[in-house]
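Below you'll find the structure, written out as structure tokens, and then a few comments.
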Amino acid sequence: MDKTYQPQNIEQKHYERWEREGRFKPAGGEASFCIVIPPPNVTGTLHMGHAFQDTIMDTLTRYHRLRGDNTLWQHGTDHAGIATQMVVERQLNAEGLSKHDLGRDAFIERVWDWKASSGGRINGQLRRMGASVDWSRERFTMDDGLSAAVQDVFIQLFEEDLIYRGKRLVNWDPVLHTALSDLEVLSEDEQGSLWHFRYPIEGSDESVTVATTRPETMLGDTAVALHPDDERYQHLVGQHVRLPLVDRLIPVIADDYVDPDFGTGCVKITPAHDFNDYEMGQRHNLPMINVFTDDAAINDDMPEDYRGLDRFDARKKLLAEFETLGVLERTEPHSLKVPRGDRSGAVVEPYLTDQWYVKIAPLAEPAIAAVENGDIKFVPENWSKTYFDWMHNIQDWCISRQLWWGHRIPAWYDDNGNVYVGKTEQDVRSKHGIADAVALRQDDDVLDTWFSSALWPFSTLGWPEKTPQMSDFYPTSVLVTGFDIIFFWVARMIMFGLKFAGDVPFREVYIHGLIRDQDGQKMSKSKGNVLDPIDLIDGIDLEALVSKRTAGLMQPHLAPRIEKATRRQFPDGIPEFGTDALRFTFASLATTGRDIRFDLGRIEGYRNFCNKLWNASRFVLSTTEPLLSTTSHTIVDDSFAGRWIRSRFTHMTEQVQRQLARYRLDLAAQAIYEFTWHEYCDWYLELSKATLYDDDASSDAKLATMHTLAATLEGLLRVLHPFMPYITEEIWQRVAPVAGVSGTSICDTRWPVVATDSSVAEADHNMAWLQTFVLGIRQIRGEMDIAPGKRLDVLLVDATKDDRARYADNARLIEKLANLNSVTFVDGSDEEPPSATAMHGEMKICVPMAGLIDIDKEIDRLSKQLSKSETDLARTEGKLGNPSFVERAPEAVVATEKQRAEEHRQQIALLREQIQSLRDIDAA
RNA sequence: GGGCGAUUAGCUCAGGGGUAGAGCGCCACGUUGACAUCGUGGAGGUCGGUGGUUCGAAACCACCAUCGCCCACCA
């Protein structure tokens, strides 16, 4: 083995072999475990969020495989309608073409080409992450099977009147030319103005002043509204206003919706361009006048000199004109929520169009119940509240998109505007008896990407066919996802799963946090703070990193700033950390919070952890070779050290099990780290040396120690494997034979059986005694600046019978660990030489000074300990002196406290005595 | 306007009714036969504030402050 851990030498070969050997296919026993991957965009690339999420899923998947479950991690990709179409359109634009130049069919073909050429990228990256998805079952949302599922669902919903088509106000993206669902619209606070317009009352000198943030929509005003109880304007209700510019008469109406305290208390009403106005329009039967074109320019029904003007240009022109007309009373700064499309960033326009909707309330009801009654559990639980809030206020879902890339809506129209829904045109004709002579035209629109995503947990398993996978794996075990798509995806899967697959899609929803940069900023290209998981695995030099971060920016002027920040943060680029270190870092970061700051310091620490494991393994392999020629692997190691490390291993394994069951990968990882570094390496390996290098130790004892070394490491590798698949496989290949374990891959092994050794308590006691002893010596060394290499002569004063026995049993170990030259028992009555002292219960461990130690320094050191003990004693005595504590606290607590007080008193007495004797010597 | 989360060591974060924890960073010493990607020792916190519950609160409750996120129709 190499002296240092070199991840690049060990990762890919193992992955290739696992895949070749079909190790990711379900092959377990009775219990089944299944996760469906949140499908990444087919043409996308792996980002930190994926890498994090995939680590969680892979860890759970590999864990369940080791537990012997029939385990499936179902993989697939998403066609990602808008996102993918935008990318290809941008490519076309770069060639000076638009999608209309190609036409629909050619454009779609072009998108398929793009998928073919770039669609493998994310899969390659998933492999680098070690993701053990079942590649043989990979699906794509626009596969034939999945498309058929989409059609079936659409048709059934339509036939049950749960899908309808209607002309309504929708969120219109005037750049992408498509409708958006409410969820795809993000409202941000922006600085704008509140303009006050004076509208003249017809047949009167009076006027009414309205306030608006959208002046250009006044072209479509069909009323002015005020609050019914607003005394200022009562007399105006029922009168009419003559709309400036367009010269139209519109009524003044009263409606509760109006807030008399906002603006002037009078509102202009534009039912065709505002959701509230739309509703008010419905209530008052107001006409709806559409002002815009699909581009959100002024349409041809508007006054001539406005036609064709972009909405914002129209606004300027209109304001200028109003100014001259004296209609603009005043302008005040005003902050408002501006709705923008989440993809285009364009200001979304409420716009009247024909769209398809899912009537959602009937689907929502059972989906709410499923979480209420515990059929589905959110982890952490509080996310269910977010889910409920949204579900209780859910609006009908606009599912049609005016795009080309996606599942085309299976609806056909005749020339009379009748709509027929079916799988194919032929299907529709035969179902409805429509002659071939009657022209039918398919709906141009495609479905919202999330429509097919909503079917994902069952469409990927073969629904609507009754496949073995459906019966084996549905409902799936757990959905692992971020809170940002609870509404987009989780809720909709629950609704559709219950409706179509007859059961919840998953038993649990594990919601993880979002990965942010080290300053808590969201990672984004334009901020230039993106980290590519693959760069963390392979490393990247500074120049490559800089050019990667500054290439292809939407706002190229940001490049210098990004470059500067990158050079400052990564003066030497990013070193290679390897997949296992990255995965362990993610696991350790998987806490319950919302935001996760990705700190490079941690991945470095876990790379070091890999190195630690690597080198411990080198040690084990180099010392346990004799086991290979041993015929019996039923060696029993009954040394206390062996029992102790086995007990710690069991404890750790239990911890990991328990924490994984509650998705606390951070705590599971911590338990492994702690055991590996601070118990197995720091103590057990060192203890083992004392036996292995002891010429007097029996060969049985040596073999037993070797066996425990190897067996514990082999078990540790299994427990660690779900987190760090590569390094554990690499080491396991070498350690398994030594540990007497057969098999060709660690993937073949089973999770260690957690067995409790009856003599654990005694071993733990003995170890604690030994550790106190060794640590006492080390502390003296450390604080008194005695070189670690200096072998010490030690006196044990006032040792009890028990101390003597324990020392006798462990002399070799202690002498080795504390690096002692000699140990002499001394009775309290004997003369002690001046010494530095460590207290061990009633016993004093004395290191004679003999030129090694400065008396004053030792007095200081002991005084510090004394004062700490005194503080502690005072606190404990304070408690015990409180009658209500003694009366009311549990007996065990009081007993502990009493024992503690006794120990402190003993310590204090010993310390005082020791300090005094040093002072006497000093004075003499 | 509602809701949710966070506030613990210099930094990143765990924990949880019974004497404050880890990693990184820091200081000192160290090439001891796995590992300097290391070892040993050490310094460092009145757990955001104020009340309350309790024998006991950093932890539970209430309120407040600061930061962040989500939802919502004030033009």
Side-chain angles (χ1 to χ4, degrees), chain A residues 1 3-5 187 194 210-214 217 225 257-259 261-270 274-280 334 336-337 380 382-383 385-386 389-390 393 483-484 486-487 513-514 518 520 575 577 581 588-589 591-602 604-623 664 666-667 670 673-674 678 681-682 685-686 689 693 775 778-791 816 819 868 871-872 875-876 879 882-890 892-894 896-897 900:
Chain A
M1 285 173 85
K3 193 176 171 186
T4 51
Y5 160 67
S187 286
L194 192 58
V210 297
T212 181
T213 55
R214 300 283 321 268
T217 62
Y257 161 75
V258 180
D259 176 359
D261 297 327
F262 185 86
T264 60
C266 293
V267 199
K268 59 187 265 325
I269 301 299
T270 322
D274 181 281
F275 288 99
N276 295 309
D277 294 7
Y278 178 82
E279 290 196 356
M280 203 186 294
H334 182 67
L336 70 160
K337 297 276 189 196
N382 60 292
W383 288 110
K385 198 173 161 88
T386 305
D389 284 351
W390 190 67
N393 298 301
F483 56 80
D484 50 333
I486 290 179
F487 306 145
L514 260 34
Q518 67 286 342
F577 293 115
S588 303
L589 293 173
T591 61
T592 50
R594 291 169 170 241
D595 295 339
I596 294 164
R597 294 188 188 205
F598 191 86
D599 178 17
L600 222 56
R602 290 195 69 162
E604 191 180 338
Y606 294 124
R607 193 266 324 265
N608 295 353
F609 175 66
C610 290
N611 189 58
K612 188 76 179 173
L613 179 69
W614 183 260
N615 276 294
S617 303
R618 284 178 59 226
F619 168 75
V620 172
L621 288 167
S622 70
T623 52
R664 288 305 302 269
D666 59 325
L667 299 179
Q670 196 180 41
Y673 184 98
E674 170 71 22
H678 299 302
C681 291
D682 285 353
L685 251 54
E686 298 308 320
K689 289 174 186 174
Y693 299 152
L775 290 171
R778 284 184 187 163
Q779 193 176 33
I780 290 172
R781 260 186 212 282
E783 292 188 30
M784 305 311 285
D785 291 335
I786 302 171
K790 170 80 185 164
R791 297 185 67 202
K816 176 87 182 161
N819 196 22
K868 184 170 186 313
T871 311
D872 289 347
R875 179 167 32 196
T876 304
K879 274 191 180 184
N882 179 355
S884 44
F885 170 74
V886 182
E887 262 169 54
R888 304 206 191 184
V893 173
V894 177
T896 311
E897 217 59 39
R900 190 174 282 157

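Just so it is clear, the structure is predicted and the values come from calculations on it, not from any experiment. A, B, ... follow the sequence lines: proteins, then strands. Residue 1 opens every chain.
Neither OP1 nor OP2 of B/U40 sits under 4.0 Å from any side-chain N or O of A/H678. OP1 or OP2 of B/U19 has at least one side-chain nitrogen or oxygen of A/R900 nearer than 4.0 Å. Residue A/T386 places none of its side-chain N or O atoms closer than 4.0 Å to OP1 or OP2 of B/C70. In this model, the phosphate group of B/C38 is not approached by any side-chain N or O of A/N615 to a distance below 4.0 Å at OP1 or OP2.
When the P atom of B/A72 is taken as reference, atom CG of A/D389 falls 11 Å away, rounded to whole Å. In this entry the distance linking CG of A/D599 with P of B/G23 reads 15 Å, nearest Å. Rounded to an integer number of Å, the gap from CG of A/N393 to C1' of B/G2 is 11 Å. Spacing between atom CG of A/D872 and atom C1' of B/A20 amounts to 13 Å, rounded to whole angstrom units. Rounded to an integer number of Å, the gap from A/N382 CG to B/C69 P is 18 Å. Taking atom CD of residue A/Q670 and atom P of nucleotide B/G16, one finds them 11 Å apart after rounding to whole Å. The nearest whole Å value for the distance from the CD atom in A/Q779 to the C1' atom in B/C29 is 15 Å. The nearest whole Å value for the distance from the CG atom in A/L667 to the P atom in B/G21 is 17 Å.
Across all strands, A/A787 comes closer than 4.0 Å to no nucleic acid atom at all (heavy-atom distances). Contacts of A/F275 with the nucleic acid, taken as non-hydrogen atoms under 4.0 Å apart, are absent. Residue A/V886 is out of contact with every strand shown, counting any heavy-atom pair closer than 4.0 Å. When heavy atoms are screened at a 4.0 angstrom cut-off, A/R597 is found touching the sugar-phosphate backbone but no base atom. Within the 4.0 angstrom heavy-atom criterion, base atoms lie near A/Y693. If you check every strand for non-hydrogen atoms under 4.0 Å, A/P890 touches a base. Residue A/T212 is in sugar-phosphate contact alone, with no base atom involved, counting any heavy-atom pair closer than 4.0 Å across all strands shown. At the heavy-atom level, A/E783 lies under 4.0 Å from the strands shown only through sugar-phosphate atoms. Contact annotation for A/R618: backbone-only contact, meaning every heavy-atom pair under 4.0 Å involves sugar-phosphate atoms and none involves a base. Using a 4.0 Å heavy-atom criterion, one finds that A/L589 contacts no nucleic acid atom at all. Within 4.0 Å (heavy atoms only), A/G265 reaches at least one base atom of the nucleic acid. Nucleic acid contact class of A/Y257 (heavy atoms, under 4.0 Å, all strands): base. When heavy atoms are screened at a 4.0 angstrom cut-off, A/C610 is found touching no nucleic acid atom at all.
Nucleotide B/U12 has B/A22 as its partner under the Watson-Crick or G-U criteria, with both atom distances under 3.5 Å. Across every strand in view, B/G5 sits in a pair with B/C67 that passes the Watson-Crick or G-U test at under 3.5 angstrom. Look at B/C38: its Watson-Crick or wobble partner, with both distances under 3.5 angstrom, is B/G30.
Remark: A/K385 does not engage A/D389 in a salt bridge, criterion side-chain N to carboxylate O under 4.0 Å. Salt-bridge check for A/R664 with A/D666: passed, with a basic side-chain N closer than 4.0 Å to an acidic carboxylate O.
Of the candidate nucleotides B/A34, B/G68, B/C13, B/A34 has the atom nearest to the side chain of A/K612.
Using modelled atom types and a 3.5 Å distance limit, the side chains of A/T623 and A/K689 yield no donor-acceptor pair. When only modelled atom types and interatomic distance are considered, A/N611 and A/N615 share a side-chain donor-acceptor pair under 3.5 Å.
Only the P atoms considered, B/G5 is 14 Å distant from B/A14, to the nearest whole Å.
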